[in-house]
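In this text, all values refer to a predicted model and were calculated from it rather than measured experimentally. Labels below follow one simple rule: chain letters A, B, ... track the order of the sequence lines, proteins then strands, and each chain is numbered from 1.
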Amino acid sequence: MSIVSQIQKATSKTLTLLYQQPFNENDFQVNQTKEEFVGDYTVVLFSLLKKTNQNPAALGETLGNTLLHKFPELFAGYNIIKGFLNLEIKDDYWLQLLKTQYNNVCYGLSPKNGQRIMVEYSSPNTNKPLHLGHLRNNFLGWSVAEILKADGYEVFKSCIVNDRGVHICKSMIAWQLFANGATPESTGTKGDHFVGEYYVKFNEEYKKQIKEGLAAGLDEKTAEKEAPILKATQQMLQDWEVGKPAVMQLWETMNNWVYSGFDVTYQRIGSDFDKTYYESNTYLLGKDIVQQGLEKGVFFRKEDGSVWIDLTANGLDEKIVLRKDGTSVYITQDIGLAQQKYQEYKIDQSIYVIGDEQNYHMKVLKLIAQKLGEPYADNIFHLSYGMVELPSGKMKSREGTVVDADELVDEMIATSKKHTEELGKVKDFEEEELATLYKTLGLGAMKFYLLRVDPKKKMVFNPEESIDFHGFTGPFVQYTHARIKSILRKEPLENDAPISADLLPLEKNILVILEQFNQVLVKAAKELNPSEIAIYVFNLAKSFNSFYSVHSITNAETIEKKQLRLRLAVMTAGVLKKGMNLLGIVVPERM
RNA sequence: GGUUCGGUAGCUCAGCUGGAUAGAGCAUCAGCCUUCUAAGCUGAGGGCCAUUGGUUCGAAUCCAAUCCGAAUCACCA
């Protein structure tokens, strides 16, 4: 049980006895005491004044005094300032934590809770390479999945590959028109980039044709609609749907180019999935559900044959679920896939990591499932994350303002190489070790950068300024870890050695933070927010660095002190590593 | 226009289930390597928390209005 909840329990129990009326743990707040005051944790008294009919000083005095006498094993002292009761926790509490947990590989993790969760993330289109926005999605999804695992859930990572539709046909048409049979191999291009180039070419040609149409006297709408290349694309989509062999073959070939490119990127950034769904397999799902919905009266058919759902009562519009020609729209397949996931994996919760531009769509999806009375409906949760923007605004693939994922990773690795070489601390590393280190640091900086902010908020990335390696960054935490490991290589810890019984303030600070690990994890899991972990791990590293700069471990004042600090170092390194791993970041032994 | 989200230091972000003098990092300035890795540590400056009103013992936080910005509202995915 965490120290905070122990204080809450003790306080509510004491108050209930003292004032002969029930107090529960929500009646008051327990915060960490601010640095400028004496104490470890603070009870805010204001909210208790009315119920106890006391002034802050008197209440604080009574409460503090009683707590001290009733729980002598927990509290060492108290003081009252304004409406705040500052409590000092006994050193023994922190020392006990250190003694029993410093070496516990499962420290901070929550017990298994039997719940099953699916996290769908990444979900790329197969017509262009991944960009910075996808990186945020991938890191978020992966990290959230790991955080949930650590908090006791059984987690399944899934990915829906959007491998069919007009967007792919655009790349295919452009390839037919302009490639002259070129392939990724023949041009030495990574497959996803290769296909992406033809997507760009499509748009160039399309624009050109619109201009020509306008010059020929067409109005804007007609020029857009009647452009031959667009017509060809639509024809190709129809050919795909009826399975015309030549189209299917080209489609498969080009998709495979993209997949081989994606594989390389996923491998590098460490994304993995337990289950991959392909839209080409799932796009027909959901049609029977629509049929059932019609029978139930959840949906209605319009005169032209199209099927709709009326969501105006929920503040939304009417939404189409089946076209007049009977083909399904995006939301139809989503309903089908939601059902399939539920049936295949028996999941208690289904999380979708999708950008906030699709808030409306996801709201509709959940509403439809609810109206259909689907058992999984209430467990659909949209983890809606903000877009990554440039200082100039939104990234737009058509305008070429996207930050390419592969290029950015390359850049990060090159930057970490540069920094490492300048510092010259690992000159004895083999080439392979160096390559691993550069990747560890470069990716660490990038993942930390993208995960340290609240997922819900949009964020700004300035390509002109490279991602930092100092301060609130991945490498800062990695460095702290490496430095601890360096000490531990030189000073082996003796497991049974006695340790010092008193704690210096800088030593205690670290333990106070270490103690909070599980609470932070639980909060991060509940809020699906990896930034909680990033902030935590940074604070822990900072606290250790402050300690490190003042107190020596190897040359500690006494042998007992040295043993205590070695344990402190071991435990800190363990939690730093675990926390960083939850973010998908590796911590090096040396750097 | 409807709906939703956002506006905190020069920049990037915490804090937002109301509580002590609004916090970090970067950048700027001043110190600290004969000592376990200086990718580090210590300190300084920097704020009408968009604006106005309200609720409260107490508001960056809750409510209302206004201003500014973004997303979304397709027989696209």
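Among pairs with a residue in residues 472-481 of chain A, those fulfilling side-chain hydrogen bond (donor to acceptor under 3.5 Å, both in side chains) read A:Tyr479-A:Arg483, A:Thr480-A:Asn545, at least two apart in sequence or across chains.
Look at CZ on A:Phe547: it is 10 Å from C1' on B:rC36, rounded to the nearest Å. For the pair A:Leu423 CG and B:rC33 C1', the computed distance is 13 Å after rounding to whole Å. When the P atom of B:rC13 is taken as reference, atom CD1 of A:Ile535 falls 13 Å away, rounded to whole Å. In this structure, A:Tyr548 atom OH and B:rG40 atom P are separated by 13 Å, rounded to whole Å. Rounded to a whole Å, the OH atom of A:Tyr385 is 18 Å from the C1' atom of B:rG6. The distance from atom CE of A:Met459 to atom P of B:rC11 is 16 Å, rounded to the nearest whole Å. The interatomic distance linking A:Lys562 (NZ) with B:rU35 (P) rounds to 18 Å, in whole Å. Going from atom CG of A:Leu451 over to atom C1' of B:rU12 covers 15 Å, rounded to whole Å.
Listed by chain and number, the residues in a ring pair (Phe, Tyr, Trp, His ring centres under 6.0 Å) with A:Tyr385 amount to none (sequence neighbours excluded). Among residues two or more places apart in sequence or in another chain, the side chain to side chain donor-acceptor pair (under 3.5 Å) test is passed with A:Asp310 by A:Thr312. Among residues two or more places apart in sequence or in another chain, the ring pair (Phe, Tyr, Trp, His ring centres under 6.0 Å) test is passed with A:Phe469 by A:His419. A:Asn55 meets the side chain to side chain donor-acceptor pair (under 3.5 Å) test with no other residue; sequence neighbours excluded. Evaluation of the salt bridge (charged side-chain N to carboxylate O under 4.0 Å, His left out) rule for A:Lys34 yields no partner, not counting sequence neighbours. A:Asp40 meets the side chain to side chain donor-acceptor pair (under 3.5 Å) test with A:Lys508; sequence neighbours excluded. Applying the ring pair (Phe, Tyr, Trp, His ring centres under 6.0 Å) test to A:Tyr102 and every residue at least two apart in sequence or in another chain returns nothing. Every residue two or more places apart in sequence or in another chain was checked for a side chain to side chain donor-acceptor pair (under 3.5 Å) with A:Lys457, and none qualifies.
Within 4.0 Å of A:Leu316, counting heavy atoms only, lies no atom of the nucleic acid at all. Contact annotation for A:Ser384: no contact, since no heavy-atom pair falls under 4.0 Å across all strands. Contacts of A:His481 with the nucleic acid, taken as non-hydrogen atoms under 4.0 Å apart, are absent. Heavy atoms of A:Ala482 sit under 4.0 angstrom from at least one base atom.
Note that CG of A:Leu294 and CH2 of A:Trp308 are 13.5 Å apart. Values are rounded to the nearest 0.5 Å.
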| message | Within the 4.0 Å limit for protein heavy atoms, which parts of nucleotides 70-77 of chain B are touched? Write it as a string from 5' to 3', B for base, S for sugar-phosphate only, - for none. | response | SSSS-BSB

| note | For nucleotides 16-29 of chain B, 5' to 3', base contacts (B), sugar-phosphate-only contacts (S) and non-contacts (-) with protein non-hydrogen atoms under 4.0 Å give B--BBS--SSS---

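As rounded to the nearest Å, B:rU51 and B:rA22 have P atoms that lie 16 Å from one another. Rounded to whole Å, the P atom of B:rC62 lies 9 Å from the corresponding atom of B:rG18. The same atom, C1', is picked in B:rG15 and in B:rA20; the two are 15 Å apart, to the nearest Å. Rounded to whole Å, the separation between the P atoms of B:rC48 and B:rU52 comes to 12 Å. Separation of the C1' atoms belonging to B:rG53 and B:rC67 is 15 Å when rounded to the nearest angstrom. B:rG47 sits 7 Å from B:rG10 when the P atoms are compared, rounded to a whole Å. When the C1' atom is used for both B:rC29 and B:rU35, the distance is 28 Å, rounded to whole Å. Taking atom C1' on both nucleotides, B:rC13 is separated from B:rA77 by 33 Å, rounded to a whole Å.
In this structure, A:Lys485 does not reach the B:rC36 phosphate: none of its side-chain N or O atoms is under 4.0 Å from OP1 or OP2. At B:rC36, none of the side-chain N or O atoms of A:Ser486 fall inside 4.0 Å of OP1 or OP2 (strictly under the cut-off).
Using the six-membered ring where Trp is involved, A:Tyr199 and A:Phe202 have ring planes that are parallel, under 30° apart on the 30 and 60° scheme.
Figure legend: A:Lys170 and A:Tyr198 shown without cation-pi pairing, the cationic atom not lying both under 6.0 angstrom from the six-membered ring centre and within 45 degrees of its axis. Relative to the six-membered ring of A:Phe538, A:Arg452 misses at least one condition, a distance below 6.0 Å or an angle of at most 45° to the axis.
For B:rC36, its base sits under 3.5 Å from the side chain of A:Thr554 at one donor and acceptor pair at least.
Map A:Ser416 and A:His551 each onto its nearest nucleotide of RNA chain B; the residue landing nearer the 5' end is A:His551.
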| field | Secondary-structure notation, RNA chain B, from Watson-Crick and G-U pairs under 3.5 angstrom (| other strand) | value | ((((((((.[[[[.)...(...]]]].(((((.......))))).....[[[[[..)....]]]]])))))))....

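A glycosidic torsion no more than 90° from 0 defines the syn conformation, and B:rC33 adopts it.
You'll find the side chain of A:Met172 reaches within 4.5 Å of the side chain of A:Val247, heavy atoms only.
With distances taken from any side-chain atom of A:Asn545 to the nucleotides B:rC41, B:rU37, B:rU35, the minimum falls on B:rC41.
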